Amino acid sequence: MSSWTYVSAIREHVGQEVTLKGWLANRRSSGKLHFLQVRDGTGTIQCVMEKKIVGDEPFDAAGALPLESSLAVSGTVREDPRSPIGFELAVTAFSVVAPAGLDYPIQKKEAGTDFLMDHRHLWLRSRRQQAILAVRAEIIRAIRDHLDSQGFTLIDAPILTPAACEGTSTLFETDYFGDKAYLTQSGQLYMEAAAMAFGRVYCFGPTFRAEKSKTRRHLTEFWMVEPEMAFVDLDGDMAIIEDLLVAVVARVLDRRREELKVVERDVSKLEAVRKPFPRMRYDEAIEVLKRAGASVEWGADFGGDEETILSRQHDSPLLVHRYPADVKAFYMKRDPQDPRLALAVDVLAPEGYGEIVGGSQREDDLAVLEASLERHKLPREAFEWYLDLRRYGTVTHSGFGIGIERTVAWICGLPHIRETIPFPRLMSRLSP
RNA sequence: UCCGCCAUAGCUCAGUCGGUAGAGCAGGUGGCUGUUAACCACCGGGUCGGGGGUUCGAGUCCCUCUGGCGGAGCCA
């Protein structure tokens, strides 16, 4: 058998005899011709099989082979203007690795999302799902490359935690040798400790929320990158967020154009993303919303509708900062200019995608933080280690969390977050 | 937890005024030498989500349960 190659490398083998290994994605037949669409993970190529070349028996076997069977196919690579990828394979021989059953559940015609999600393990084979997950992988790689190049150290945060990090969301509880443990909802507090050791750090891992959210923006298990920087204030935090998002968008545009095309993303919307991002104080955002006719009052957090109104007004992500402290977490530092406000920032992605990043400058004063814990009715004992960070050389510091799935949804232009993760966990879905 | 919508063939759906359960795709058989979700002919395929009610008669109307979807709240 000739040498094994991948569809992605096919252009380097024009005129040569090669072997491809993959799955039968589709077949069209025309009498003594078979058009076999063979998918190998790097692409799909049409393999043209002529009866008079391969012989009756192999030809009939290929004609009867169920879709999604695994196979190896050998032939000569030739250019053909009719091919979507510019090349096809003139088959000389083929062999079945393992035939698929005749009842492959996913059809060529469209199906409902719930049905497809029940067969997520097979749905991943589709071109569109592969494109989305390839963009996801590229986004993650871009985030890590960018942070690594900016002097950040990757520090892994624990997933099992003894208590609520923020004391707000509902947590998944699990038994821990007779004690209660919870699945993490944020690695941030641990990153603050690490920032006092390494200066600039980030964690990347899964996050869990037991909220009974049934919306297009929520998962019960999602992935978050959480950078934390010592000696950085809110303005510095916003500049780092901005640079990160610019780097991510540029990377995807540079390396994943094909995939964006598959998901039919209007890339001009992504090309319009550039520094400086618009910045808006919470106070201004309230005014903008009121002028737009929204019924919001100062002091409330924004809902999905408000985020949509604000984000649609800009081409680049919008940084909304200095929220009322009462709607924000206990660890956020008060604005010295206006103690009603927290030095917090939310980043709203354009086109109505809404919040993809949340960040803040952290409270670095021991006494103020102690009072905040009390006001939020949090158990002080569980936070003693966290208070130590303010006892031993406290410094101005800031950080943020970026939601991977929401970022993927925005960059791919998807209406729902559930296709941005290989195996989504929703309130109503724990399998496959 | 609350509000709204949906549930009919393996899949996507239609089903009028309450009157014998339909189509396309998928599957099977045959045909076709350039197909692009190929096409053509023929064939098999139903607990109309469960339960109850109204009616001579319910896929259709009413009640209820279950499941799903979308949104609110909460958040990335």
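Residue numbers begin at 1 in each chain, while the letters A, B, ... track the order of the sequences. Remember, predicted model here, so these are calculated numbers, not experimental data.
Under the 30°/60° scheme for interplanar angles, the aromatic rings of A/W298 and A/Y282 are found to stand perpendicular.
Within the shown strands, B/rC43 is the pairing partner of B/rG27 under the Watson-Crick or G-U definition, both distances less than 3.5 Å. Nucleotide B/rC5 forms a Watson-Crick or G-U wobble pair with B/rG68, both donor-acceptor distances falling under 3.5 Å.
When heavy atoms are screened at a 4.0 angstrom cut-off, A/E88 is found touching base atoms of the nucleic acid. Using a 4.0 Å heavy-atom cutoff across all strands shown, A/H34 reaches no nucleic acid atom at all. Backbone-only contact: A/R418 has heavy atoms under 4.0 Å from sugar-phosphate atoms and none from a base. In this structure, A/S428 reaches the sugar-phosphate backbone alone: every heavy-atom distance under 4.0 Å involves primed, P, OP1 or OP2 atoms, never a base. Within the nucleic acid shown, A/R78 comes within 4.0 Å of at least one base atom, counting heavy atoms only. Heavy atoms of A/L219 sit under 4.0 angstrom from at least one base atom. Residue A/S29 is in base contact, counting any heavy-atom pair closer than 4.0 Å across all strands shown.
The nearest whole Å value for the distance from the CZ atom in A/R216 to the P atom in B/rC75 is 20 Å. The NZ-C1' distance, from A/K212 to B/rC3, rounds to 16 Å in whole Å. Rounding to whole angstrom units, CG of residue A/L171 and C1' of B/rC74 are separated by 12 Å. Following rounding to the nearest Å, A/L67 (CG) and B/rG27 (P) show an atom-to-atom distance of 6 Å. Taking atom CG of A/D346 as the reference point, atom P of B/rA76 lies 7 Å away to the nearest angstrom. Rounded to an integer number of Å, the gap from A/H119 NE2 to B/rC11 P is 8 Å. As rounded to whole Å, 18 Å separates atom P of B/rU35 from atom CD1 of A/I85. As rounded to whole Å, 17 Å separates atom P of B/rC6 from atom CG of A/D114.
Nearest to the side chain of A/S30, among B/rA76, B/rG34, B/rC74, sits B/rG34. Candidate nucleotides B/rG73, B/rU33, B/rU35 were compared by shortest atom distance to the side chain of A/T215, and B/rG73 ranks first. Checking B/rA72, B/rA76, B/rU33 against every side-chain atom of A/R217, the shortest atom distance belongs to B/rA72.
Side-chain contact between A/L319 and A/R279 is present, with heavy atoms from C-beta onward closer than 4.5 Å.
Donor-acceptor pairing under 3.5 Å, judged by distance alone, is absent between the side chain of A/R209 and the base of B/rG73. Donor-acceptor pairing under 3.5 Å, judged by distance alone, is present between the side chain of A/R406 and the base of B/rC75.
Each of A/H416 and A/N26 has a nearest nucleotide on RNA chain B; the 5'-most of these lies closest to A/N26. Nearest-nucleotide positions on RNA chain B for A/R429 and A/E405 put A/R429 closer to the 5' end.
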Step-by-step salt bridge (Lys or Arg N to Asp or Glu O under 4.0 Å) determination, A/R125 to A/E68:
CA-CA 9 Å; A/R125 302 181 182 194; A/E68 291 302 327; 2.9 Å; yes
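Ring pair A/F198/A/F152: centre-to-centre distance not below 6.0 Å. Taking the ring centroids of A/F330 and A/F383, they lie under the 6.0 Å cut-off. Between A/F208 and A/F222, the ring center distance fails the sub-6.0 Å criterion.
Here A/F35 does not count as stacked on B/rG34, because the ring centres are not under 5.5 angstrom apart with planes under 30°.
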